[in-house]
Every structure is written in C-alpha cells, then in structure tokens.
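First the structure, in the form of structure tokens, and then the observations on it.
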Amino acid sequence: MKIETRAVHAGRHIDPATGAVTTPIHLSTTFERSPAGEYPRGFSYSREDNPNRRALEECLASLEGGTQALCFSSGLAVVTALVQGLEPGDHIVAPDDVYWGLRKVIGEVFGKWGLETSYVDMTNIDDFHAALRPSTRLVWVETPSNPLMKITDLTAIVALSRQAGPNIVTVCDGTFATPVLQQPLDCGIDMVAHSTTKYLGGHSDVIGGALITRHENYLFERARKSQRYGGSVPSPFDCWLTLRGIDTLPWRVRAQSENAMKVARFLAVHRAVEKVHYPGLPDHAGHKIAARQMSAFGGMLSFQVRGTRETALGVAAKCKLFIRATSLGGAHSLIEHRASVEGPDTRTPQNLLRLSIGLEHTDDLIADLERALT
Ligand SMILES: *Cc1c(COP(=O)(O)O)cnc(C)c1O
C-alpha cells in the first residue's frame, strides 16, 4: 500500500477489549504472567517492550520498508546506542557537517572509548572513498545536511562501502527527508535513524528517536541490547503522540516542501540575500542527485543575508511570524541563527539563517520575511 495509507494504518489495531479505534495508551509498567509463568500476550515489563512502543515500531518499519524498528527516548539516544555497539579501535566515517550532537556523543561521551572518526565531505565521493579503512565499521550519512542542505548520493555511498568489505554498516540520518521524501533502505543503506522529535512527531511536543533496519545485523542487535539494559526508552504517551503525528505525515511534509520551494524562490531573487541553500533550486550543487533520490525537496532551507552576523541576527529579530527557536519539522515556521547556537568553533557562516517551514500560508511567511529583510 501507498505511504499515506501506511501512515494511517500500519501498527494500528482495533482494541479487542473495547473496540477503540484509536490505539489506547497503555501506562501499565508490568504485565500479567500466566499460571504457568509465561507471558502469553507478549509483554512483561515496559522497559523491555510496551504496546504503544510496539505499535510505533511496526508503523516506522512499514514506512521505511524495513524489517524491524526500535524507538528510543530521543534521536541522540539512537546515536549513543549505535556507538556503544562499536569496539575500541573501530573507525567511523561521518559527514564533516554532521548534526553537531553526533560529534558531541562520539567526542565527549565516547572520547575514552578509543574510536577513530573521519569527518569528510561526503558530497565528494572521492574524499569519502579515501576515508574508508580496513577498520571502518560505521558509515554515517546525513542527507540533506544541516544547515547547508548538502546532498549525498546514497547509492554511491552504498556501492563504495560494500566494495570496501562486509564489515561496514551504513546508517542514514533521515530526519530532514522523512520516509515520505526519501527511502534510504531502497538505495541499499542498512539502517535509517530518525529524530522523531522533528517531522514524524510533527507538532513540536514530543522528543523521540528511531532506528529502522533493512536486515538483521550486529549493530542493530547491540543497539537493542543497549536500549533494553541501558534504559533509553520512550514513554507510552510519547509513542502515542508520535504515532498520532504520523497520521498526517505525508500531507504535512508535502505541504511544507511546497511552501519551502516558494520561500526559496522568493529569497533567491531578493536583493538583501546573498545565497539560498535549498536543494529544490536548480543552482544548488546537489539538485540533480536530490531530484533523483527524493520525491520533493523538504521543508528545510537556509540563506545567507548580504552582510554580517549582526545583519542576520537583525533579520531574525524583526520576524513576527517566524518564531526564533531551534528544532524543526513542526507546524510553526522557525528561524534560527545557527552559528550562535553552534558556538565559537562553528563552520556555519555567520550571516546564515536557517528556516524550518511550517504549515502557515506562504503569502504570510513571505510577507514576514520581506518586512524583516527591509
Ligand atoms: C534533532 C536532530 C537529531 C537529534 O535528535 P534529538 O531528538 O534532538 O535527540 C539528530 N539528527 C538530526 C538531523 C536532527 O535534526
């Protein structure tokens, strides 16, 4: 079935006890054993598994076309669980502009673990190839990337990783693209990671993460153990909220992509704007690859104002409809000066503003930006 149908039906069941159409929230932490001491209904204790978590996992596996999914308490809990599955001395390849939290997890939480990491420009396939080593175990891809919206060719990454040997597990952070716009597992990627906090939840009211796999592999099994015994589980209510958000995911993401395209076109010809980073624009370096591997270009974009850090901060300050806040993927449009969030060693241009385009009317969004830019 098509993704709109799976978004509404996958993982959902009519409640056999009451006929409830909407999945009930199961707050119980513990589940009854049979007289023989077994768990005939498949649940024992909510850290191990819970009906709401299982429903969300079934739905996500279906949306990504994977065999299994694990839901975590945050997107970074997914990263933590994956990195915990690696051995000292293992080598990771990740994008040079990877989501900053991944660098923090690898560098500050696992600094003493003895991992080797190469941060490379994965849009340059030769640089990526040169970074692979016999000890490489994890290849992390993020496309589109944050905040420059760089596009990585997933098929090319898979081909080179496979050529380098059977020990490499490839993982794509699919947060920006969502399963609606991009299907990394179809490109041969082994696993997809999501911050469900963003588009999947979709309403800026719940933190969560997910890992979906195409096939059994040791890093997925280790992530499962790390979660069950380490405890980074989402609450039943968090899972319920995320699953409710997913009902409307395909429609939201398509509307946000349409809105973002209009905003990008408006900004691209504005005299106060130096450069727009949106893969939907034909002059974006990754446009051709994006057009091939995505069904639309997403709701995220960034732009550089003509001027300095102060000019950019001034534009954000003048916005009335765009809310100055971090995060993305919700119904409200957000504007953010990334460099000041990322700190002094950031590589993000100081005159750059990132937009998460929401579900407002584009006439109003564009009017707000026009006012702020003049
Ligand atoms: C937000 C985000 C994360 C981290 O997810 P949390 O839910 O905040 O822990 C990881 N990757 C990307 C691309 C993100 O945008």
Side-chain angles (χ1 to χ4, degrees), residues 53 56 60 64 69-84 92 94-110 119 122-123 138-152 154 171-182 184 189 191-212 223 226-227 230-235 238-239 241-242 245-246 249 253 256 260 277 279 294 297-302 325-330 334-336 338 341-342 346 348 354-358:
R53 194 158 106 217
L56 178 58
L60 288 169
E64 287 290 0
L70 290 172
C71 290
F72 287 79
S73 49
S74 72
L76 281 181
V78 177
V79 176
T80 303
L82 273 173
V83 177
Q84 266 171 345
I92 305 169
D96 55 359
D97 60 344
V98 71
Y99 177 74
W100 64 275
L102 183 130
R103 263 185 208 258
K104 293 273 175 217
V105 168
I106 292 175
E108 297 194 18
V109 180
F110 290 95
Y119 293 103
M122 290 209 182
T123 65
L138 176 63
V139 166
W140 184 272
V141 200
E142 196 181 313
T143 182
S145 76
N146 176 33
L148 291 178
M149 307 298 298
K150 293 205 284 186
I151 303 292
T152 300
L154 292 174
V171 180
C172 176
D173 185 332
T175 301
F176 273 37
T178 81
V180 180
L181 305 182
Q182 181 172 279
I189 291 282
M191 301 201 273
V192 181
H194 282 289
S195 167
T196 59
T197 313
K198 315 294 168 52
Y199 287 100
L200 293 165
H203 296 76
S204 308
D205 53 12
V206 56
I207 298 274
L211 181 68
I212 301 106
S226 151
Q227 172 180 54
S232 51
V233 295
S235 77
D238 289 355
C239 294
L241 271 178
T242 306
I246 290 173
L249 175 75
V253 169
Q256 283 160 318
H277 305 274
M294 300 174 76
F297 302 101
M300 294 299 298
L301 65 113
S302 63
T326 194
S327 199
L328 57 121
L334 305 178
I335 187 163
E336 186 177 37
R338 284 301 298 171
V341 176
E342 291 168 3
T346 178
T348 300
R354 186 183 81 177
L355 303 179
S356 168
I357 302 296

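Whatever order the structure lists them in is the order used to number ligands and atoms, beginning at 1.
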Measure the spacing between [atom1] of [X] and [atom2] of [Y] and express it to the nearest 0.5 Å.
X      : Y      : atom1 : atom2 : answer
Met300 : Gln256 : CE    : CD    : 10.0 Å
Ile357 : Leu334 : CD1   : CG    : 9.0 Å
Leu200 : Ile246 : CG    : CD1   : 5.0 Å
Ile151 : Met122 : CD1   : CE    : 14.0 Å
Asp173 : Ser195 : CG    : OG    : 8.0 Å

Sub-4.0 Å heavy-atom contact, Ala193 with ligand 1: no
- prompt: Which protein non-hydrogen atom lies closest to atom 10 (C) of ligand 1, naming both residue and atom, and how far is it?
  reply: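 Atom 10 (C) of ligand 1 sits closest to the protein heavy atom Tyr99 CD2, 3.4 Å.
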message: Which residue and atom name correspond to the protein heavy atom nearest atom 9 (O) of ligand 1, and how close is it?
response: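 Of the protein heavy atoms, Leu76 N, 2.9 Å lies nearest.
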query: Got an N/O contact under 3.5 Å between Ile207 and ligand 1?
result: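 Between Ile207 and ligand 1, no N or O pair is found under 3.5 Å apart.
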task: Could you tell me whether Gly75 and ligand 1 have an N or O pair separated by under 3.5 Å?
output: yes
Selection from Lys198, Met300, Glu142 by shortest heavy-atom distance to atom 2 (C) of ligand 1: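 It is Lys198 whose heavy atom sits nearest to atom 2 (C) of ligand 1.
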task: Identify, by atom number and element, the atoms of ligand 1 in contact range of Gly208, meaning under 4.0 Å from any of its heavy atoms.
output: 7 (O)
statement: Tightest non-hydrogen contact, residues Pro147 and Arg354, listed as CB-CD, 4.1 Å
task: With heavy atoms under 4.0 Å as the rule, classify the contact between Asp173 and ligand 1 as side chain, backbone, both or neither.
output: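 Under 4.0 Å from ligand 1, Asp173 contributes side-chain atoms alone.
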